[in-house]
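Reviewing the structure listed below.
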Amino acid sequence: MDVPTTHHQRIALIDGNSFYCSCERVMRPGLEGKPLVVLSNNDGCAIARTQEAKDLGIKMGAPWFKICHLADTHGLVALSANFALYGDMSHRMMNIIGQFAPRQEIYSIDESFLDLTGVPGSGRDIGTAIRTRIRQWIGIPTCVGIGPTKTLAKLANHLAKKIPRLQGVCDLAQLDDTRRLRALAHVPIEDVWGVGRRLAPQLRELGIATAADLACADIRVIRDKFSVVLAKTAEELAGLPRLGWEELPAEKQQIMCSRSFGHPVQHANDLFEALSVFTARAAERLRAQESVTGAIYVFARTSFFRNDPPYSGSIVVPLARTTDDTRAMLDAVRQGLKRVFRPGFNYAKAGVCLLDIEPLNRANRQLSLFEPLPGAKAGKNASKIMQTIDGINQRYGKSTLVPASTLHDHDTVWAMKQERKTPAYTTDWGQIVEIRR
DNA sequence: TCTGGGGTCCTAGGACCC
DNA sequence: TCTGGGGTCCTAGGACCC
């Protein structure tokens, strides 16, 4: 019998170190070497930290009001999240990575898998070349992990970050099974991709305390006691590929848009105003992937953290027919809000989620009586108006054209708090870096 | 004053069918 | 007393990810 050891894959995972913070540092080199955090929307909590900030004991998700004293005592700098900048830097980084191999899967804003199978050169050499080029061309520091499966590439990346001696590149693919297992024995189970804070203690109870333990565990036991998902993880750790490649970004099955408010909101009008903005944004993303939605989830709730009377309301509003038209969605959201809204509460957050998404041109899509068939010329995209609006907004800026329900003659109560935001340096000519005035 | 905003996949259980 | 068995579809909720 053939032992399937010949066609080993070699997969790299490249990711940006403290990505959001690194993006900010590229634009403001004075931040180099300083403890820096990037805050979530509303400047609520830390969602990215530089090593210096981690060294101060700042945890992922730490609320800003609990760590802000470090600004005075230790020179901690905090910036509001600038997603336009991060998205653009991400795009540039992914393009560079894609130059090193024919097959790439962009996994998140700062992470990319790359198929190095058959690419000439040692893992260390390729990894170093990738790091160097990204650092030179766009200024972002990265780490590279390489392994025979995606899960092992993830784990290798983790080691590349943790062990300075590796200089940012860790290649587990060139180790034999025994030596690889020895490396895995040093990785605590909670650091494994796919093992979260629920599963980790349960696994430890069974005596599975490291990545090596899980790699050696009985797959059937893992599947029966836990799930097929964790069983896949275990097999991947053992070197058997169980996760495939998704080179094209999958179309979204749900599109969510929600925000916590800068200030609590009491009135239905203000809530609808906010929901209108969210709906317009979600609808734009829906049209960008050429899909239609069949139902909209609408929710509004008070804060979990304040001592307000708690309330959380939500409803799914089915649409009579699928649509990509913002106006139809706004009608549904208005109905939904009517059902969900209770007076007398301090609303802290609200949002919409487009559900039952399907391709615009799917042949058997439910049509309304008067809608032209998908193939018919005029009906190819039923809402020309929407296309036009999206085009104008793309060209002249995000909110050039908005639904009237998002407009108002008073201050926006619900607007996000973003007191420390840096300019959109790379995506808006008006905000480009000035060297000297 | 003050704690983000997205997503995915899987499973269990109920409704319903023959 | 006894009251099948197998299948599908849908939904809510849980777990995970960044």
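FYI, side chains are in, hydrogens and waters are out, and symmetry mates aren't considered; it's all heavy atoms of this structure. Note on naming: letters A, B, ... go to the chains in the order of the sequence lines (proteins, then strands), and numbering restarts at 1 for each one.
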Classify the nucleic acid contact of Leu199(A) as base, sugar-phosphate or nothing, counting any heavy atom under 4.0 Å across all strands shown.
sugar-phosphate
Would you mind checking if Asp331(A) and Arg327(A) are paired as a salt bridge, meaning a charged N to carboxylate O distance below 4.0 Å?
no
Determine, stepwise, if the pair Phe345(A) / Gln266(A) fulfils side-chain contact (heavy atoms from CB on, under 4.5 Å).
CA-CA 6 Å; Phe345(A) 289 101; Gln266(A) 281 98 27; over 6 Å; no
Touch class at under 4.0 angstrom, heavy-atom based, for Ser108(A) against every strand present
sugar-phosphate
Determine the Euclidean distance between corresponding C1' atoms of dG4(C) and dC17(B); express it in Å to zero decimal places.
14 Å
For Asp43(A), report the nucleic acid contact type (base, sugar-phosphate, nothing); a contact means any heavy atom under 4.0 Å.
nothing
Classify Phe304(A) by what it touches in the nucleic acid, base, sugar-phosphate, or nothing, heavy-atom distance under 4.0 Å.
nothing
Is Lys161(A) salt-bridged to Asp15(A), going by a charged N under 4.0 Å from an acidic O?
yes
Residues, nucleotides or ligands: over 12 heavy atoms within 6.0 Å of Gln167(A) CD
no
Would you indicate what Ile255(A) reaches in the nucleic acid, counting non-hydrogen atoms under 4.0 angstrom: base, sugar-phosphate, or nothing?
sugar-phosphate
Dot-bracket notation for DNA chain C is requested: 5' to 3', Watson-Crick or G-U wobble pairs only, both distances under 3.5 Å, with ( ), [ ], | and . as defined.
....||||||||||||||
Mind checking what makes ring-ring contact (aromatic ring centres under 6.0 Å, His included) contact with Tyr107(A), not counting sequence neighbours?
Phe113(A), Trp193(A)
So which heavy atom on Ala62(A) is nearest to which on Ile67(A), and how close?
CB-CG2, 4.1 Å
Are any of the side-chain nitrogens in Glu52(A) or Arg25(A) under 4.0 Å away from the carboxylate oxygens of its partner?
yes
Quick check: on DNA chain B, is the nucleotide nearest Lys417(A) upstream (toward 5') of the one nearest Tyr20(A), or the reverse? Name the residue that is more 5'.
Lys417(A)
Just checking Arg223(A): base, sugar-phosphate only, or nothing, at a heavy-atom cut-off of under 4.0 Å?
nothing
Quick one: how far along DNA chain B does chain A reach, first to last nucleotide 5' to 3', anything under 4.0 Å to a heavy atom?
dC2(B) to dT11(B)
Using the ring centroid of each side chain, check whether Tyr347(A) and Phe341(A) are separated by less than 6.0 Å.
yes
What I want to find out is whether Arg242(A) reaches Glu235(A) closely enough, with some N-O distance under 4.0 Å, to be called a salt bridge.
yes
Using heavy atoms to find the nearest nucleotide of DNA chain B for Glu246(A) and Pro63(A) separately, return the residue whose nucleotide is more 5′.
Pro63(A)
At 4.0 Å (heavy atoms only), tell me whether Cys68(A) reaches a base, stays on the sugar-phosphate, or touches nothing.
nothing
Over all strands shown, is Lys59(A) touching base, sugar-phosphate only, or nothing at heavy-atom distances under 4.0 angstrom?
nothing
Using a 4.0 Å heavy-atom cut-off, does Val38(A) contact any base of the nucleic acid, only the sugar-phosphate backbone, or nothing at all?
nothing
